[in-house]
2 protein chains.
Amino acid sequence: MKVRRQSIIVETIQRQRVRSQEQLRRLLRAAGFDVTQATLSRDIRELGLVKGGADRAYQPPAPTAANGNAAALLNRAVAEYLTRVARVQQFVILRTGPGQAPLLGVALDGARLPELVGTIAGDDTILAVAPDVRRARALVKRLERLSRP
Amino acid sequence: MKVRRQSIIVETIQRQRVRSQEQLRRLLRAAGFDVTQATLSRDIRELGLVKGGADRAYQPPAPTAANGNAAALLNRAVAEYLTRVARVQQFVILRTGPGQAPLLGVALDGARLPELVGTIAGDDTILAVAPDVRRARALVKRLERLSRP
DNA sequence: ACAGGCCATGTATAAATATTCTCTTTTCGG
DNA sequence: CCGAAAAGAGAATATTTATACATGGCCTGT
């Protein structure tokens, strides 16, 4: 599955310096994903990864980069990954498929929602923190609207 | 002359989408700097510019790492990584650039602050737990002082 | 069951980027 | 002021990345 592979890609580049798509390809092969460089080029674009900096390695997207279309990104991420939502006080728990939480988390953070203070993403669960109960409720509503348009 | 050219490069990529070094070369030539692609490749590395994201254009740098001892380390970690702080009851949410949260988290833990019970660091977010609201407020104040000396 | 669309991906190749090697210029320690 | 060493940059080339095109697998509506 593409999504699964992409989430491994994100983890991989955070764990070590990856300086070329060939290198990434070898790492993924070791993890059981055998794809070509062309596919990785596409994955990297879809993930919004960025390459450069002092060590010319791949990095997660810069926080400022995606702001224009951040809303659209969130929209797609929610539609694609979100499976369940629950609220506990001013916290909102979001569930996704395995390995998808970081992707949704990035999209949530990028959108800079006023009812969202921050998120912590595990493998398939995200803890989202709202400023207060009222805005936590608002966040749940927004997510539900996004996931069933 | 290199310095001047590099500062023009930064301005240029902030003003418009630049998707290749050749394109950048033409833009610089129009501004009176005639250099080869090889030179731009070096400039881009020295500036720490990054290429990618949805539009595969060049972008300004993402910050990097440092080290030292406990309090000084926290000081520098906060100055370098912390981008936003918010308090919710006795919790404090700290935001950093992507992948930087663990670094700041380690620095926070190492500093053994009296107003800090513990932290959980995700990718770019830290949940810091204070003993009570009063000390959470104090923690926010301390962080704000550290980040803007 | 079948035709028509999508996707996801591979293959081959074009385009972009990094690097090696070389030369020139600048800087610095006597 | 001299010579060595470092810095800056171009030309050629190696490496890396993006893309045009092709294929096969699924859906969906008929």
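Chain identifiers are assigned alphabetically (A, B, ...) following the order of the sequence lines, protein sequences preceding nucleic acid strands; residue numbering begins at 1 within each chain. Just so it is clear, the values below take in all heavy atoms, side chains as well, and ignore hydrogens, waters and symmetry mates.
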Restricting to side chain to side chain donor-acceptor pair (under 3.5 Å), what partner residues turn up for A:R42, sequence neighbours left out?
none
Taking all non-hydrogen atoms of both residues, which atom of B:G52 and which atom of B:Q59 are closest, and how far apart?
O-NE2, 3.2 Å
Listed by chain and number, what are the salt bridge (charged side-chain N to carboxylate O under 4.0 Å, His left out) partners of A:R15, not counting sequence neighbours?
none
Mind checking the CD1-CD spacing from B:I9 to B:Q6? Nearest 0.5 Å is all I need.
6.0 Å
Using C1' atoms of five pairs at each end, report the bend of the helix from C:dA1-D:dT30 to C:dG30-D:dC1 rounded to 10 degrees.
40°
Over all heavy atoms of both residues, which pair between A:L116 and A:A128 is shortest? Give the atoms and the distance, please.
CD1-CB, 3.6 Å
On DNA chain C, reading 5' to 3', which nucleotide is the first and which the last to sit with an atom under 4.0 Å from a heavy atom of chain A, could you check?
C:dA8 to C:dT19
Applying salt bridge (charged side-chain N to carboxylate O under 4.0 Å, His left out), can you list everything that pairs with B:R5, at least two apart in sequence or on another chain?
B:D43
Between protein and nucleotides 9-19 of chain D, map the contacts as a letter string: B base, S sugar-phosphate only, - none, heavy atoms under 4.0 Å, written 5' to 3'.
BBB----SBBB
Partners meeting side chain to side chain donor-acceptor pair (under 3.5 Å) with A:R17 (sequence neighbours left out)
A:D55
Who passes side chain to side chain donor-acceptor pair (under 3.5 Å) against A:S41, sequence neighbours left out?
B:R56
Taking only residues two or more places apart in sequence or in another chain, which ones pass side chain to side chain contact (heavy atoms under 4.5 Å, CB included) with A:V18?
A:T12, A:I13, A:Q16, A:Q23, A:L24, A:L27, A:Y58
What residues, two or more places apart in sequence or in another chain, satisfy ring pair (Phe, Tyr, Trp, His ring centres under 6.0 Å) together with A:F33?
none
